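To keep things clear, I will list the structure first and then write my remarks on it.
Since the structure is predicted, the reported quantities are computational estimates derived from the model, not experimental observations.
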Amino acid sequence: MRKANSEIVPIKVLRLLEEETDAEHPMTTSSLSNELNAAGLPSNRRIIYHAISILKENGWDIRYIRTKEKSGYYLNRSFTLGEINFLANECARSNALSIDLTRQIVEKVSRLLSIHERNALFIQPLSTGKTTNPMVMEITSTLLKAISLGADISFLYYDITIARTKKYRRQANRYIGTPRAIVNQNGRMYCVIYSATHANFANYRIDKMESVEINGTAKEICPFDIEDHIRSSFLMYYGSPQTVTVRFNIDMASIVMDQFGQDDIIITSVNETDFTAAIKTAITPTFIGWLLQFYDRATAISPGKLVDSLLQIADVLKKTYKKETSNE
């Protein structure tokens, strides 16, 4: 075999194993040899064995399987079909990515599977609330580099108007701060940035950032606890914890457990139609909104402050819609 071919053959074998094989679909030595011959690379069993030996020596996890149904070589992959399906669908439902970027990433991660597994992927419809900013990943890479360097950045920040145009905040003057973390919440990506001028942390949606530049090492590195920041800035039940008692329809048990976790719930009574739970949480507007979405399936019992808040909301809604009806 010519030297040029001896260098190309292992690469070609690797490409075939990457594209065509998995544990359910191995390739025999004869099949690999036939593919090489068809590509103009004279081959035989000895050449295939040598190529696979070289690949294994250089870290590729190539395995051989022999059963009654099949036999041959396959590439043992870093990700399973289920893992890739999960990653692809997280991209599909994330509003932090544009439609085009979502498709590009899904295509890239699907290439980590064989063609057979790729055909088995089930990708859900893309979220309808996706950003139109195509630079999210480039911006994220810049932010991560700045975080690792402990560097300041400057950037523009904008909102989308009702006319679907950009409106830059601060009259298009640049923001300056020190990025400390990237946080994913509710289908969006945020950068937590410390402002030395205001001596506080703020969250900026990455898909609304533009023209991000690294300025240099930050003069001041303020202590930062990411878990505490997420609780205080993003989680809907953060605040002074207290015990809230709510009566739920019996079919809401799973919803309640999923929402609050089993450690913060004490079931105080159960019957055929409903159950009463004492929940350790904070009474916040978001928590109240969570309760309201279930109408009469979730009835607050205590504390009185929570019940009063719900009654006030009900009263305002009645007055508002009564007014709208009278104006028709």
Side-chain angles (χ1 to χ4, degrees), residues 86-87 90-91 93-98 101 105 127 129-131 133-160 166-242 258-264 279-290:
F86 174 81
L87 294 173
E90 284 297 296
C91 291
R93 76 184 188 91
S94 174
N95 289 329
L97 305 175
S98 67
L101 187 53
I105 295 175
S127 168
K130 284 185 169 292
T131 182
N133 186 342
M135 303 298 292
V136 169
M137 288 296 102
E138 287 84 349
I139 293 171
T140 302
S141 295
T142 301
L143 293 171
L144 289 170
K145 182 177 179 181
I147 292 170
S148 69
L149 295 173
D152 279 341
I153 62 167
S154 64
F155 59 97
L156 298 175
Y157 198 66
Y158 63 84
D159 296 304
I160 301 297
K166 294 179 182 178
K167 182 179 180 180
Y168 291 93
R169 296 189 186 181
R170 294 185 176 178
Q171 291 76 50
N173 290 316
R174 298 180 72 81
Y175 286 68
I176 297 175
T178 310
R180 299 304 304 275
I182 303 294
V183 178
N184 291 280
Q185 288 290 329
N186 301 319
R188 298 289 184 189
M189 291 175 62
Y190 297 84
C191 185
V192 183
I193 297 178
Y194 177 75
S195 169
T197 302
H198 299 97
N200 65 4
F201 293 93
N203 307 311
Y204 295 88
R205 264 179 52 180
I206 293 177
D207 63 308
K208 294 169 66 176
M209 299 174 73
E210 189 174 275
S211 185
V212 179
E213 298 177 359
I214 297 177
N215 293 343
T217 304
K219 296 179 180 179
E220 177 183 358
I221 301 295
C222 183
F224 177 67
D225 187 318
I226 182 61
E227 292 185 1
D228 183 66
H229 182 81
I230 290 174
R231 285 195 300 268
S232 62
S233 297
F234 293 101
L235 299 186
M236 71 187 222
Y237 310 119
Y238 184 79
S240 300
Q242 52 189 299
D258 287 345
Q259 191 65 51
F260 298 98
Q262 299 183 29
D263 293 340
D264 290 329
I279 303 168
K280 186 178 180 182
T281 185
I283 299 175
T284 63
T286 313
F287 171 70
I288 292 173
W290 183 83

Check each of Ile193, Ile176, Thr142 against Ile153 using the side chain to side chain contact (heavy atoms under 4.5 Å, CB included) test, and report the only one that passes. Ile193

Less than 4.5 Å apart, any side-chain heavy atom of Ile160 and any of Tyr158? yes

What pairs with Ala196 under side-chain contact (heavy atoms from CB on, under 4.5 Å), at least two apart in sequence or on another chain? Tyr194, Glu220

Please round to the nearest 0.5 Å and tell me the distance separating atom OH of Tyr190 and atom NZ of Lys208. 8.5 Å

Ile182/Ile206 under side chain to side chain contact (heavy atoms under 4.5 Å, CB included): CA gap, chis, key distance, verdict: CA-CA 9 Å; Ile182 303 294; Ile206 293 177; 3.8 Å; yes

Given 3.5 Å as the limit, does a donor-acceptor pair link the side chain of Lys166 with the main chain of Asp159, or not? no

Return the OG to OH distance between Ser211 and Tyr168, rounded to the nearest 0.5 Å. 8.5 Å

Can you list the residues that meet the ring-ring contact (aromatic ring centres under 6.0 Å, His included) rule with Phe86, with sequence neighbours excluded? none

Counting distance only, does the side-chain N/O of Arg188 pair as donor-acceptor with the main-chain N or O of Asp207 below 3.5 Å? no

Does the Lys NZ or Arg CZ of Arg170 fall within the cation-pi geometry relative to Tyr157 - under 6.0 Å from the ring centre and within 45° of the axis? no

Thr131 side, atom OG1; Asn133 side, atom CG - distance, nearest 0.5 Å: 5.0 Å

Classify the angle between the aromatic ring planes of Phe224 and Phe201 as parallel (below 30°), tilted (30 to 60°) or perpendicular (above 60°). tilted

Between atom OG of Ser127 and atom CG of Asn95, what is the distance when rounded to the nearest 0.5 Å? 3.5 Å

Interatomic spacing from OG1 in Thr140 to CE in Met189 - rounded to 0.5 Å: 3.5 Å

Is the closest side-chain heavy-atom distance between Ile230 and Gln185 below 4.5 Å? yes

When you compare the side chain of Val136 with that of Ser98, does any pair of heavy atoms fall below 4.5 Å? no

Among residues at least two apart in sequence or on other chains, which ones pass side-chain contact (heavy atoms from CB on, under 4.5 Å) with Leu149? Lys145, Ala151

Hey, what do you get for CE (Met135) to CG (Leu101), rounding to the nearest 0.5 Å? 10.0 Å

Going by heavy atoms in the side chains, are Tyr175 and Arg169 under 4.5 Å from each other? yes

Nearest heavy atoms of Pro179 and Cys191, plus distance in Å: CB-SG, 3.6 Å

Mind listing the closest non-hydrogen atom pair of Leu156 and Ala172 along with its distance? CD2-O, 3.3 Å

Less than 4.5 Å apart, side chain to side chain, heavy atoms only: is that true for Asn203 and His229? yes

Which heavy atom of Met209 sits nearest to which heavy atom of Ile139, and what is that distance? O-CD1, 3.2 Å

Arg180 (side chain) donor-acceptor with Cys222 (main chain) under 3.5 angstrom: yes

